[in-house]
Amino acid sequence: MKRKKLLMIVPLLLVSIILTACQSVTAPYNPKEKLGPQINYTITGIDAGAGIMASTQKALTVYPLAQNKWQLQTSSTAAMTSTLEKAVKYKQPIVVTGWQPHWMFKKYPLKFLKDPKNVYGKAEQIHTITHKGFKQKNPGAYKLLSQFHWTASNMSDVMLQTNAGVDPAKAAKDWIKKNPKLVAEWTKGVPKGNGKPVKMTYVAWDSEIASTNVVAQVLDSLGYKTTIQAMEAQPMWLSVAKGSADATVSAWLPNTSGIYYKQYKNQIDDAGINLQGAKVGLAVPKYMKNINSIDDLINK
Ligand code: PBE
């Protein structure tokens, strides 16, 4: 009899264990419990070459998160945003590497965490960088590149399209058509290209896909012959430094791409700022009301 009872209890126990396990996978954020154990002390990151990953490694030691079991998970922007989407759907806790301009801030209720130790820097600018000899080799294209500038909201317009599945070249074309005034400021005084080649390089982050496609199409509309090539961050900087690529519009400075900038500053030409007011940091969903600063990751 006793044995029979036990046999009945075992499956019940199993079921309840499985249920609790499932529950913890989809458990919403609990502000009354410490945050760390709720997400296995993990910050969800992106590709290893991104400057935001280097800054976050620094934050891990400065705050000090690493000494308190925190770690940074490397993945990709696509994997990070899909993890974020699931978390937001179930109001689960999550900490991500976040930046603006990016559609994640439009699509999800996100907030940046305060960075009292200023690891990520204040506002960033996105710069246009060319190979040192490019200005002489192709002054027309250089002029256009140095006159290229737009706002975070312009860039987001293109990004939202590509995020909705529109081909980047088509999204760029549509945006150019809708913004002739701004585009005219970039092309002002720029001579015709007569088929002169321009090799642009970029990292396939959504923001850079947007800007690179837009600039390439404007160059082509003036008769330049522009090719765009995506690569990892390190080879991208190296190719502009060596001159195997002419230019990139994707240098986040002074902080995020700062390590590469310092490394290659003698071989490159900073053609100016193309976007003001970019921002990089750690972000959490707004429903994590009591988590507002990087310090809170340890304290709350
Ligand atoms: N980002 C987007 C890049 C620059 C553009 C913030 C992910 C980074 O290097 O971190």
Side-chain angles (χ1 to χ4, degrees), residues 43-60 72-84 95-108 110-113 115 118-129 148-156 158-160 162-163 168 200-215 228-241 247-265 268 270 273-283 294:
I43 297 169
T44 306
I46 57 167
D47 49 296
I52 197 173
M53 294 294 279
S55 302
T56 304
Q57 288 295 354
K58 195 172 158 200
L60 282 176
L72 173 61
Q73 189 177 52
T74 307
S75 63
S76 64
T77 308
M80 186 265 276
T81 48
S82 105
T83 308
L84 178 61
V95 180
V96 298
T97 53
W99 63 94
Q100 249 172 347
H102 193 275
W103 52 262
M104 68 177 119
F105 277 85
K106 295 213 172 170
K107 211 164 164 184
Y108 311 119
L110 283 182
K111 62 182 178 186
F112 275 113
L113 295 181
D115 175 20
N118 199 27
V119 170
Y120 294 91
K122 301 259 148 40
E124 295 253 287
Q125 300 98 33
I126 308 180
H127 291 235
T128 300
I129 303 285
F148 164 56
H149 69 279
W150 62 351
T151 64
S153 152
N154 295 145
M155 189 187 236
S156 296
V158 183
M159 272 193 276
L160 280 170
T162 51
N163 178 242
M200 293 185 70
T201 177
Y202 66 107
V203 184
W205 295 308
D206 305 74
S207 41
E208 279 50 52
I209 293 172
S211 51
T212 310
N213 274 277
V214 166
V215 171
I228 67 173
Q229 193 183 2
M231 44 184 89
E232 300 285 314
Q234 171 78 42
M236 177 190 86
W237 281 87
L238 184 64
S239 59
V240 176
T248 178
V249 289
S250 45
W252 288 49
L253 294 170
N255 218 48
T256 307
S257 314
I259 30 163
Y260 300 120
Y261 186 86
K262 272 177 218 128
Q263 192 177 346
Y264 298 117
K265 65 172 185 291
I268 57 177
D270 186 347
I273 292 168
N274 63 55
L275 187 143
Q276 300 266 10
K279 193 172 161 54
V280 168
L282 292 181
I294 300 177

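Remember, it's 1-based here, ligands and their atoms both numbered in the order they're listed. In this chain, numbering begins with 1 at the start of the sequence shown.
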Exercise for review: Locate the shortest heavy-atom distance separating G277 from A123; write the atom from each residue and the value.
Suggested key: CA-CB, 4.4 Å

Point to revise | Those residues that, when tested against Y261, pass side-chain hydrogen bond (donor to acceptor under 3.5 Å, both in side chains) (two or more places apart) | key: none

Review point. What residues form a side-chain hydrogen bond (donor to acceptor under 3.5 Å, both in side chains) with T128, not counting sequence neighbours?
Key: N274

Review point. Just wondering, are more than 12 heavy atoms of other shown residues or ligands nearer than 6.0 Å to CD in Q263?
Key: yes

Check your understanding: Checking T97 side chain against L282 main chain: does a donor-acceptor pair fall under 3.5 Å?
Key -> no

Give one line per pair: atom of ligand 1, protein atom, distance. Only N/O to N/O under 3.5 Å.
| residue | atom | partner | partner atom | Å |
| --- | --- | --- | --- | --- |
| ligand 1 | 9 (O) | G51 | N | 2.7 |
| ligand 1 | 10 (O) | G51 | N | 3.2 |
| ligand 1 | 10 (O) | I52 | N | 2.9 |

In residues 249-259, what donor-acceptor pairs under 3.5 Å come from side-chain atoms, sequence neighbours left out?
| residue | atom | partner | partner atom | Å |
| --- | --- | --- | --- | --- |
| S250 | OG | T248 | OG1 | 2.5 |
| W252 | NE1 | E208 | OE2 | 2.9 |
| N255 | ND2 | V119 | O | 3.1 |
| N255 | ND2 | Y120 | O | 3.2 |
| T256 | OG1 | E124 | OE1 | 2.5 |
| S257 | OG | W252 | N | 2.9 |
| S257 | OG | W252 | O | 3.1 |

